[in-house]
Amino acid sequence: MQAIRRPRSGLIAVWERQHPARRIFAGFIVLNLVGWGLLMLPISRQGEGAATWIEALFTAVSAACVTGLTVVDTALYWTPFGQVVILLLIQLGGLGVMVFASLIGLLVLRRLSVGVRLTAAQEAHTGLGDVRRVVRTILAIALVVEGVVAALVAGRFLARGEELRHALWLGAFHAVSSYNNAGFALFSDNLMGFVDDPWILLPLAAATIVGGLGLPVVVALLRLWRTPRRWSMHVWIVVVGTGALLVGGTVAIGLLEWANPGTLGPQSTGTRILESFFHSVQTRTAGFNALDIGQMRPETWLVMDALMLIGGGPAGTAGGIKITTFAVLGAIILAEVRGDPTVTLFGKRLSRAVHREALTVALLAVGVIAVATFAMMLLTELELDRVLFEVISAFGTVGLSTGITASVGTPSQLILVALMFLGRVGTITVATTLALRPRTLAFELPKERPIVG
C-alpha cells in the first residue's frame, strides 16, 4: 500500500511555493550573508581585530558574485582562512547556488523535489528533465578545467622558485578564480608581476574563456566538434560572438596601448601581443590584470566598457548582458534597417518573445548603469570615464578597476555592492522576484501605432 504524503508546513512549504527566480534570489542573498559573517570573524583578517563591516561585505559580495573588485589587498589583508572563505564563495557563486544545492541533494537524498529541479533548471538554463545529468556535468567540467589549469599554473610557480605547498595553493586558487571569471588574485598587484609570462597568463585565459562560454556551448562542442552543421543557433552565436569579440578586443587594445609608456610601451612585441589578448579575455568578464588599468588611455577604457557590458555566454560563469542578447539586438536592428518581416540569425527565425527579452535585459542594464553612474558622480569628485568604468565593471561582474574602488567612500561602495549582486543574479531574475505575481489579462486593448524615430 502506498504511503500517503502529508503536505509540508512552515518555512519549507513557503519555500516550495516560491517562484524559482525568487529562490535563486534568496539563495544568493544567503550565500552573501554567510560569506559576510565569516569574513567578519577575527580569524579571517591578518593582525589584531576583525575586518570592518564594509570591507567584509564588499569582499564577500565580490567573491560570491564572481566579480573581483576589492577594497583591501587580498594577499596581505586576509588570513589563509579568509582566503579559503573567498575561494569557496567564488566556487559556489560561479557554479550557482541552486545548482550546487541540487548536487548536494543528489548525493545525499538521491532525489530532487520538483521545486528544486525547477529552480536548478532555471539557474542552469536547461530543461526540467535534464537537471540531474546537467548538475553532474557542470561539476565534472568545472573540476576537470580547474584541475588541469591548477596543475599547469602550480608547475610554473614551482619553476619560478615557489615552495611546493604554496605553489599548489596558488595554482588551485587562481584556477578556480579564472574558471569562475572572478579575477581574485593572491598578489598585491594582481598579475602585473607576470606580465611577460605566457605559462601563467595563457592557462588562466583559457579557463576564463571556457567558463564564459556557458554549459550548453561547452557540452555541444565536446559532443559535436566534428559536425558544426548540427550546432544550434545558440552555440553558433556564442562561439562566433566570442571569437569576434576576442579578436576585436585584442586588436583594439593593442592598437590603442601599443605606444603607451604606462602599459604596453616598454614591453617587447611578443609581450604586447600577449597582453593585448590577455586583457581582451579578462575584460569579458574575469578581471585579472597584468597591466595597470589606471594608466590606460580613456579610449581604451571605452572599448573595455563595451566588452564588459556584453560579457560572455548564458549559463556560464561570465557576467554582462550576454553575447546572445547583444547578437539578438544586432539582428533586430539589421532586420529593421533592411525591412525584413522577420528577424533571423544563422538561418533560423527568432521568436518575438526573444526580441522582448533581449530589449528588456539591455534597457534595464543601461538604466541601472546610468542611475548608478549619476549617483556615484554626485557622491565623488571623480571623472565620468573612471566612474563609468567602475560601474560597468561591477554590473558586468568583471572586477577590473582604474584604481578607485578603495577610495570612493562607503556610500559609493554600497552602490557597487548592489551592482555586483544585480549583475550576478540578473536583471530579469530580480524583476521577477520583485513582482507581486504574474499578470493574467482577461481582455486585450485595441492596437494603435505611435510614430517611432
Side-chain angles (χ1 to χ4, degrees), residues 21 121-128 130 212-221 224 227-249 252 284-285 303 305-316 318-370 392 395-396 422-423 426-432 435 438-441 444-453:
Q122 176 157 329
E123 191 174 13
H125 294 259
T126 185
L128 179 60
D130 297 328
L213 287 175
L215 177 72
V217 176
V218 173
V219 171
L221 293 179
L224 305 173
T227 54
R229 65 181 181 277
R230 296 175 58 191
W231 292 359
S232 67
M233 178 204 294
H234 175 85
V235 175
W236 274 110
I237 291 173
V238 175
V239 171
V240 173
T242 297
L245 291 172
L246 287 177
V247 172
R284 307 174 37 254
T285 58
V303 170
D305 285 342
L307 294 175
M308 290 191 295
L309 180 60
I310 295 170
I321 64 172
K322 304 295 188 293
I323 294 174
T324 46
T325 303
F326 182 73
V328 169
L329 293 175
I332 291 173
I333 293 172
L334 182 61
E336 189 64 29
V337 170
R338 292 167 55 178
D340 294 338
T342 59
V343 180
T344 60
L345 264 175
F346 294 100
K348 301 289 180 64
R349 180 170 55 87
L350 293 173
S351 71
R352 294 192 177 275
V354 175
H355 305 180
R356 289 168 49 187
E357 290 172 6
L359 288 169
T360 301
V361 169
L363 290 177
L364 281 176
V366 171
V368 168
I369 289 170
I392 295 179
F395 179 80
L422 182 59
T427 51
I428 292 294
T429 300
V430 173
T432 304
R439 294 185 63 191
T440 302
L441 298 179
E444 288 189 3
L445 298 173
K447 289 183 180 180
E448 187 173 344
R449 274 190 73 147
I451 299 174
V452 178

Would you name the heavy atoms of [X] and [Y] that are closest together and state the gap between them?
| X | Y | value |
| --- | --- | --- |
| Met233 | Leu345 | CE-O, 3.7 Å |
| Val328 | Ala358 | CG1-CB, 3.6 Å |
| Ala331 | Leu350 | CB-CD1, 4.5 Å |
| Gly319 | Thr285 | N-OG1, 2.9 Å |
| Leu309 | Ile392 | N-CG2, 3.9 Å |
| Gly241 | Ile323 | CA-CG2, 4.0 Å |

Can you measure from [atom1] ([X]) to [atom2] ([Y]) and round to the nearest 0.5 angstrom?
| X | Y | atom1 | atom2 | result |
| --- | --- | --- | --- | --- |
| Ile310 | Leu307 | CD1 | CG | 6.0 Å |
| Leu364 | Ile321 | CG | CD1 | 11.0 Å |
| Lys322 | Ile237 | NZ | CD1 | 14.5 Å |
| Arg349 | Thr342 | CZ | OG1 | 6.5 Å |

### Message
Once you measure the plane-to-plane angle for Trp236 and Trp231, does it fall in the parallel (<30°), tilted (30-60°) or perpendicular (>60°) bin?
### Response
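Ring orientation, 0 to 90° scale: tilted.
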
### Task
State, yes or no, whether a side-chain contact exists between Leu221 and Leu213 at a heavy-atom distance under 4.5 Å.
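Yes, close enough: below the 4.5 Å cut-off.
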
### Heavy-atom side-chain contact between Pro314 and His234 under 4.5 Å
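When only atoms from C-beta onward are counted, His234 and Pro314 do touch, with a gap below 4.5 Å.
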
### Task
Among Thr324, Thr325, Leu329, Val366, find the residue that satisfies the side-chain contact (heavy atoms from CB on, under 4.5 Å) test when tested with Val361.
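Of all the options given, the one that passes is Thr325.
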
### Task
List the steps, then state whether side chain to side chain contact (heavy atoms under 4.5 Å, CB included) holds for Glu336 with Val343.
CA-CA 8 Å; Glu336 189 64 29; Val343 180; over 6 Å; no

